Amino acid sequence: MGGIIETHLDIWTWTYPSEIEYLRRSLYVDDTILGGSDVQQARERKEFAILVLRDAKFKLHKWQSNAT
């Protein structure tokens, strides 16, 4: 993971430690693989990832889902 993203996640860790740890484990090169135990949890994780990475001026896109 890139140094800029890692540093940014460190800042957010103080406020949202468990959510940032999940996001950190979900990052691979230039992809983010998120999920949840139900559709609502997956949506919340998606929105949180968008919020955190937008704050660092990154734009997440190319969303895929198998939920109907």
Side-chain angles (χ1 to χ4, degrees):
M1 183 175 4
I4 293 171
I5 294 175
E6 189 68 37
T7 300
H8 190 70
L9 293 179
D10 287 344
I11 294 167
W12 279 76
T13 297
W14 294 100
T15 310
Y16 301 99
S18 61
E19 293 90 339
I20 291 297
E21 181 57 30
Y22 180 82
L23 180 57
R24 196 182 302 267
R25 288 191 324 263
S26 300
L27 295 170
Y28 179 76
V29 186
D30 63 349
D31 288 325
T32 304
I33 303 168
L34 300 169
S37 58
D38 57 34
V39 173
Q40 181 62 32
Q41 184 180 47
R43 284 186 182 139
E44 289 170 1
R45 287 178 171 168
K46 172 188 172 186
E47 293 304 317
F48 182 74
I50 289 171
L51 173 72
V52 170
L53 294 174
R54 183 186 306 143
D55 186 52
K57 307 297 185 228
F58 290 96
K59 181 180 179 183
L60 296 179
H61 57 98
K62 297 191 292 185
W63 291 101
Q64 298 289 324
S65 173
N66 62 351
T68 56

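As the structure is a computational prediction, the values presented were derived from the model and not from experiment.
By the salt bridge (Lys or Arg N to Asp or Glu O under 4.0 Å) test, Asp55 pairs with no residue at all, sequence neighbours left out. With sequence neighbours excluded, the residues forming a side-chain contact (heavy atoms from CB on, under 4.5 Å) with Leu34 are Tyr22, Leu23, Ser26, Thr32, Ala49, Trp63, listed by chain and number. In this view, Asp31 satisfies the side-chain contact (heavy atoms from CB on, under 4.5 Å) rule with no residue, not counting sequence neighbours. In this structure, Glu21 has no side-chain hydrogen bond (donor to acceptor under 3.5 Å, both in side chains) partners at least two apart in sequence or on a different chain. Under the rule for a side-chain contact (heavy atoms from CB on, under 4.5 Å), Trp14 has no partner lying at least two apart in sequence or in another chain. When the side-chain contact (heavy atoms from CB on, under 4.5 Å) test is applied to Ala42, no partner is found at least two apart in sequence or on another chain.
Two residues are said to be in side-chain contact when any heavy atoms from C-beta on lie closer than 4.5 Å; Val52 and Phe58 fail this criterion.
Partner of Glu44 under the side chain to side chain donor-acceptor pair (under 3.5 Å) criterion, out of Gln41, Gln40, Lys46: Gln40 alone.
The OG1 atom of Thr13 sits 10.0 Å away from the CD atom of Glu19 when rounded to the nearest 0.5 Å. Here the straight-line distance linking atom CG of Leu53 with atom CD1 of Ile5 works out to 6.0 Å at 0.5 Å rounding.
Ring pair Trp12/Tyr16 is parallel by interplanar angle, where below 30° counts as parallel and above 60° as perpendicular.
The minimum heavy-atom distance linking Leu60 with Ile50 is given by the pair CD1-N, 3.8 Å. Between Gly36 and Arg45 the shortest heavy-atom distance is CA-NH1, 3.7 Å.
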